[in-house]
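Right, one structure below, let's go through it.
Just so you know, these numbers come straight off a predicted model, no measurement behind them. The figures here come from the full heavy-atom set of this structure, side chains too, leaving out hydrogens, waters and symmetry mates. Numbering of ligands and ligand atoms starts at 1, following listing order.
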Amino acid sequence: MTTATPASPLTPTLDPHALARTLSGKHLIGGALVPAASGRTFDVVNPARGDVVGQAAFGEAADVEAAVAAAAKAQKEWARRPARERGRLVADCGRALQAHVEELARLITLETGKALRTESRVEAGVLSDSFVFYGGLAPELKGETVPFSPTVMTITQREPIGIVGAIIPWNVPLLLMALKIAPALVAGNAVIVKSAEEAPLAVLRVCQIINQILPPGLFNMLSGFGPDCGAPLVAHPKVGKITFTGSVETGRIVYRTAAEKLIPVTLELGGKSPMIVLADADLDKAVAGAITGMRFTRQGQSCTAASRIFVHRSIHDDFVARLKAKVDAMVMGDPLDEKTDIGTIVSPQQFEKVQGYIAAGKAEGGTAHTCSALPTAEALSPGLFVQPVIFTGLTNDSRLAREEIFGPVTCVIVFDDYEEAITQANDTEYGLAATIWTNDLKKALDATQRLEAGLVQVNQNLVVQPNISYGGVKTSGLGKEASLEAMLEHFTHKKTIMINMA
Ligand code: NAI
Ligand code: MG
């Protein structure tokens with residue numbers, strides 16, 4: 001039994017450049033940091049300055065094979081341990097990660113361009129909290145008794161699936177990784193994580209830290225590109241479950257392969273989340289909610305971004321003016337600087353995509369209210385900075401209101417009538433999150449029943465919490481993440497056992 005909180009045996013390294021160099025070119029397989037089987041690597045680039053800060057191992061099928069072999073070996077013994085012992089070790093991982101929040105935050109900032117103070121530190125904190133949270137849920141892996149017959153004892157039992165493949169994106173890699181691997185491990189599975197090509201190093205550092213606590217091979221991490229490394233992981237016959245966060249397009253590819261293998265998937269995909277602001281809403285709160293909801297501090301790179309804001313005509317101009325003033329006051333700059341609110345877009349591809357949407361919005365007749373000021377420092381001139389844009393004058397049929405932008409661009413759409421706002425909010429292929437802002441109790445309650453989304457909030461726009469189940473409807477995905485429900489429903493099989501006593 002573990003008694004004391006383990007101090008991490010690894011010394012935190014606060015210089016992210018030094019840390020990036022020491023982590024360069026490695027996967028974690030079978031408890032060891034190893035290069036790719038091919039020896040190939042690819043560059044990790046700092047989007048704020050355009051410089052190469054390290055290398056990542058170029059994962060391919062041979063690396064997947066090695067990770068699966070290590071995972072298969074470790075999983076059997078792990079699954080036989082008492083649930084609470086597994087939980088204690090996973091919670092220990094969370095406490096060890098707590099000592100690394102600052103270094104992880106700096107490293108994730110270096111490779112993604114997210115601001116340290118407003119984004120990365122928060123994310124690294126929730127990462128460690130998620131491990132502690134799921135560790136404590138281990139005793140809840142309970143089954144049921146079924147009142148089938150007095151002479152046939154019928155029970156259900158939760159069993160691990162085996163090897164789980166976890167494919168994560170670059171926008172919140174640490175948090176999204178935690179919500180996948182912590183419940184999977186507590187439930188008795190082994191895990192193979194495939195990091196996103198843009199953000200492999202902080203994920204690898206997390207793996208190195210928890211590898212000091214978990215048995216070797218139980219937890220493996222591969223870096224690499226989707227088709228080269230993600231696809232063979234999904235296709236591997238011994239991988240029994242895929243949990244994926246990313247684009248709808250890639251989600252469909254993953255689902256097709258999983259369908260061939262007949263294995264379960266959890267898919268967290270895109271969104272076009274509506275925010276409805278009624279005439280009586282507290283405007284200051286709604287404006288603050290739009291800023292959090294739009295994730296302006298993350299350059300809008302969020303699947304739940306409140307990218308369609310429906311505002312009643314009577315308060316429209318006031319709302320836009322207040323929102324613009326608040327976003328104008330946000331500081332764009334060096335993501336590692338404590339004064340910075342808004343950093344950079346993650347990659348040149350995303351940068352081009354976002355610029356394309358801003359041009360499309362103007363071409364469709366929208367008025368672009370461009371906010372905040374670009375940084376002027378010479379060293380940041382290669383940086384992928386995009387000024388936040390609030391569009392007005394567009395309708396819900398416009399491209400900007402229909403497609404996921406994944407950038408700091410939102411549309412404020414005017415409405416006259418509550419029914420019209422609800423209809424338009426639901427008129428989208430997505431269904432991840434929605435909010436309504438009003439003090440009218442009847443309308444607020446009505447909206448919670450009618451908005452088509454996995455998460456509906458009234459007068460708030462909170463971000464993902466470890467104990468709140470999260471996941472979309474329509475093309476936003478399948479299944480839930482976070483919460484006890486996600487662990488039970490998505491990382492275990494339920495076996496029924498019938499014992500004839502007659
Ligand atoms: P993506 O969905 O292609 O990538 C997400 C992850 O899937 C990465 O780890 C990637 O390597 C992996 N992947 C890609 N192709 C794969 C395949 N064939 N098999 C297995 N794994 C594969 O997203 P990407 O290219 O980074 O961004 C494109 C767009 O997707 C963004 O502009 C944004 O709109 C959306 N997106 C949504 C996210 C969300 O949180 N829902 C996160 C990231 C991107
Ligand atoms: Mg892609």
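Taking only nitrogen or oxygen atoms, main chain and side chain alike, Glu198 does not reach within less than 3.5 Å of ligand 1. The N/O atoms of Ile168, backbone and side chain alike, include one that comes under 3.5 Å of an N/O atom in ligand 1.
Listed by number with element, the atoms of ligand 1 under 4.0 angstrom from any heavy atom of Glu197 are 8 (C), 9 (O), 10 (C), 11 (O). Within the listing of ligand 1, atoms 8 (C), 9 (O), 10 (C), 11 (O) sit less than 4.0 angstrom from a heavy atom of Lys194. Atoms of ligand 1 lying under 4.0 Å from any heavy atom of Lys353, numbered from 1 in the order shown and given with element: 29 (C), 31 (C), 32 (O), 33 (C), 34 (O). Within ligand 1, counting atoms from 1 as listed, the ones closer than 4.0 Å to a heavy atom of Thr245 are 5 (C), 40 (O). Those atoms of ligand 1 with a heavy atom of Phe244 less than 4.0 angstrom away are 2 (O), 6 (C), 7 (O).
Protein heavy atom nearest atom 30 (O) of ligand 1, with residue, atom name and distance: Ser247 CB, 3.0 Å. When hydrogens are left out, the protein atom nearest atom 28 (C) of ligand 1 is Gln350 OE1, 4.0 Å; that is the closest non-hydrogen contact. Protein heavy atom closest to atom 42 (C) of ligand 1, with residue, atom name and distance, is Pro169 CB, 3.3 Å. At the shortest separation from atom 12 (C) of ligand 1 among protein heavy atoms lies Ile167 CG2, 3.7 Å. In this structure, the protein non-hydrogen atom closest to atom 18 (N) of ligand 1 is Ile253 CG2, 3.8 Å. The protein heavy-atom contact nearest to atom 20 (C) of ligand 1 is Gly230 C, 3.3 Å. The protein non-hydrogen atom at the shortest distance from atom 13 (N) of ligand 1 is Gly226 CA, 3.4 Å. Ala231 N, 3.5 Å is the protein heavy atom nearest to atom 19 (N) of ligand 1.
Aromatic pair Phe58/Phe225: centroids less than 6.0 angstrom apart. For Trp78 and Phe219, the ring centers sit 6.0 Å or farther from each other.
Shown here, atom 25 (O) of ligand 1 is out of close reach of the protein: none of its heavy atoms lies under 4.0 Å off. Protein heavy atoms are absent from the 4.0 Å sphere centred on atom 4 (O) of ligand 1.
Asn426 places a side-chain N or O within 3.5 Å of a backbone atom of Glu452 that can act as its donor or acceptor partner.
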Requested in this report: Could you walk me through whether Phe406 and Trp170 pass the ring pair (Phe, Tyr, Trp, His ring centres under 6.0 Å) test, one step at a time?
Outcome: CA-CA 12 Å; Phe406 234 67; Trp170 43 264; 5.4 Å; yes

Requested in this report: May I have the step-by-step check of side-chain hydrogen bond (donor to acceptor under 3.5 Å, both in side chains) for His236 and Glu65, ending in yes or no?
Outcome: CA-CA 8 Å; His236 197 288; Glu65 204 57 63; 3.1 Å; yes

Report task. Please lay out, stage by stage, how Glu197 and Lys194 fare under the test salt bridge (charged side-chain N to carboxylate O under 4.0 Å, His left out). Result -> CA-CA 9 Å; Glu197 33 280 64; Lys194 209 293 280 170; 3.5 Å; yes

Report task. Evaluate the salt bridge (charged side-chain N to carboxylate O under 4.0 Å, His left out) criterion for residues Glu404 and Lys272: first the C-alpha distance (whole Å), next the side-chain angles of each, then the deciding distance (0.1 Å), finally the verdict. Result -> CA-CA 6 Å; Glu404 184 174 53; Lys272 202 70 208 171; over 6 Å; no

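The only member of Ile345, Ile358, Val389 that meets side-chain contact (heavy atoms from CB on, under 4.5 Å) when paired with Pro408 is Ile345.
For Lys480 and Tyr470, the positive end is not near the middle of the six-membered ring at less than 6.0 Å and at most 45° from its axis.
At a heavy-atom cutoff of 4.0 Å, ligand 1 is contacted by no atom of Leu176, backbone or side chain. Within the 4.0 Å heavy-atom criterion, the part of Ser195 lying near ligand 1 is the backbone and not the side chain. Contacts between Glu249 and ligand 1 below 4.0 angstrom, taking non-hydrogen atoms only, are absent altogether. With a 4.0 Å heavy-atom cut-off, ligand 1 is reached by the backbone of Leu269 but not by any atom from C-beta on.
Looking at heavy atoms from C-beta onward, Val412 lies out of side-chain contact with Phe391 at the 4.5 angstrom threshold. Counting heavy atoms from C-beta outward, Arg40 and Pro35 have side chains that stay 4.5 Å or more apart. Looking at Thr245 and Ile168, their side chains never come closer than 4.5 Å, going by heavy atoms from C-beta outward.
Of the candidates Trp170, Phe406, Tyr357, it is Phe406 that places a heavy atom closest to atom 33 (C) of ligand 1.
The OG atom of Ser223 lies 5.0 Å from the NE2 atom of His27; values are rounded to the nearest 0.5 Å.
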